[in-house]
Each structure stands twice: as C-alpha cells, then as structure tokens.
Amino acid sequence: MPTPHPHAPTPAEEFFQRFSATRRGARLARLLAALQLIEWGHARGTDDHDTVTIVVAELAANAVLHGRVPGRDFALLVRHDDAQGVIRVEVSDTRPELPTRVITASDEDHGRGLVLVDALATRWGVQDRVGPGKTVWAECALSTPPGSPACSHAAQQREPYHRPAHL
C-alpha cells in the first residue's frame with residue numbers, strides 16, 4: 001500500500017494591481033483588497049479582514065497624498081501567506097522621500113496614518129523598489145485561518161447595513 005504524501009505548504013496567494021495616484025485610486029485599492037480578502041476566506045467584519053483593509057487604506061492614502069508624482073501610478077501588492085500566518089501589504093509609489101510617523105497631540109485631521117499602521121501591523125517598514133521611489137510594507141498576523149468557523153461565524157453575527165430611505 002502506498003504511503004500518503006504530506007501536503008506541500010500552500011504557496012502564498014497574491015493580488016497585484018496598479019492604481020491612479022488619486023483619491024479614487026486609493027479608494028478602489030481599498031475596495032478591491034477587501035474583496036480579495038473575502039475570496040481568500042476572510043469574511044467582512046472579521047478582525048483579519050478589517051485590520052488588513054485599514055492598513056491598505058492608510059498606505060494607499062499616503063501614496064496618493066505624499067508619494068504622488070504627476071502622471072505616475074502607485075502599485076498595491078497583497079500577499080496571503082498561510083505558512084507564515086500573515087498577510088503582507090506593499091504599496092509602491094515613485095517619490096523617493098521616506099515616510100515619517102507623526103505623533104501629534106493636536107486635533108488635526110491628518111498625520112495619523114502610519115500611527116494606525118504601526119498599531120495594527122505586527123511589523124512594517126520601507127524598502128527600495130526597482131525604478132524610482134519606494135515601497136512601504138506592513139505585515140498583519142492572521143488571527144484565524146481563512147474559512148474557519150470562527151471566521152465565518154463573526155461575519156454572520158454582524159447586522160447587515162441598510163441604507164436609510166432618506167439618503
């Protein structure tokens with residue numbers, strides 16, 4: 001009788017897309033990353049889904065607001081790595097200046113993006129990229145395996161959003 005072969009580790013799954021360096025591009029990056037997370041089994045409303053979606057939103061917004069070079073796009077790579085238990089987010093722009101984490105006590109409406117990334121990600125950093133610019137990356141630890149009962153149960157318990165009739 002043949003002996004069963006152990007399963008090879010699941011390779012990392014990836015989502016890659018270029019976006020226009022506009023607010024619409026940043027919004028589309030967040031929405032498509034959220035849909036990709038659902039495809040990978042991380043239901044909307046779970047900690048993993050919400051954490052990664054916020055990290056994508058913050059890094060994409062920074063690329064548009066601080067890393068924008070007229071006529072150049074930014075790129076988003078989201079890598080789901082079950083073997084490492086992380087989802088890695090990489091946002092590349094064409095401006096070479098490094099991002100700075102602003103710690104502010106004022107009531108300003110900006111400057112907290114990397115503070116949020118620092119709080120939500122297990123680690124993050126900046127690296128050179130091929131061509132002009134930089135890549136800002138963040139790794140988010142997975143709290144539940146994709147498609148697990150805990151993952152889908154949390155999403156089922158959320159109330160569905162209903163738009164009020166007057167809007």
Under 3.5 Å, is there a donor-acceptor pair between the side chain of K134 and the main chain of D93? no
Measure the SG-CZ distance between C140 and R123 for me, rounded to the nearest 0.5 Å. 11.5 Å
Which heavy atom of V117 sits nearest a heavy atom of A138, and at what distance? CG1-CB, 3.9 Å
Output for pair (D48 CG, S143 OG), nearest 0.5 Å, gives 3.5 Å
Are any of the side-chain heavy atoms of Q36 and V78 separated by less than 4.5 Å? no
Output for pair (R30 CZ, I54 CD1), nearest 0.5 Å, gives 10.0 Å
To the nearest 0.5 Å, atom OG1 of T46 lies from atom CG of L37 at 8.0 Å
Work out which heavy atom in A29 is nearest to a heavy atom in F74; give both atom names and the distance. CB-CZ, 4.1 Å
Just to verify, what does F15 make a ring-ring contact (aromatic ring centres under 6.0 Å, His included) with, not counting sequence neighbours? none
If you define the side chain from C-beta out and look only at heavy atoms, does anything of V89 sit under 4.5 Å from L76? yes
Does any non-hydrogen side-chain atom of I87 lie less than 4.5 Å from one of V55? no
Atom CG in L31, atom CZ in R24: separation rounded to 0.5 Å? 12.0 Å
Roughly how far, to the nearest 0.5 Å, is CH2 of W40 from CG of L142? 10.0 Å
Side-chain contact test, heavy atoms from C-beta onward, threshold under 4.5 Å: evaluate it for R129 versus T94 and give yes or no. yes
Could you tell me which residues satisfy salt bridge (charged side-chain N to carboxylate O under 4.0 Å, His left out) with R88, sequence neighbours excluded, listed by chain and number? E90, E139
Side-chain donor-acceptor pairs of residues 57-73 under 3.5 Å, sequence neighbours excluded:
residue, atom, partner, partner atom, Å
R68, NE, A21, O, 2.9

Same cluster or not: are L120 and V86 linked, directly or through other Ile, Leu, Val, Met, Phe, Trp or Tyr residues, by side-chain heavy atoms under 4.5 angstrom apart? no
Side-chain heavy atoms of E13 within contact of E39, under 4.5 Å: no
Could you tell me which non-hydrogen atom of H42 sits nearest to which non-hydrogen atom of H80, and how far apart they are? NE2-NE2, 2.8 Å
Set out, in order, the CA-CA distance, both residues' side-chain angles and the distance that settles side chain to side chain contact (heavy atoms under 4.5 Å, CB included) for L35 and R44, then state yes or no. CA-CA 9 Å; L35 288 174; R44 194 173 308 248; 4.0 Å; yes
Using every non-hydrogen atom in the two residues, find where W137 and V126 come nearest and quote the distance to one decimal. NE1-N, 3.7 Å
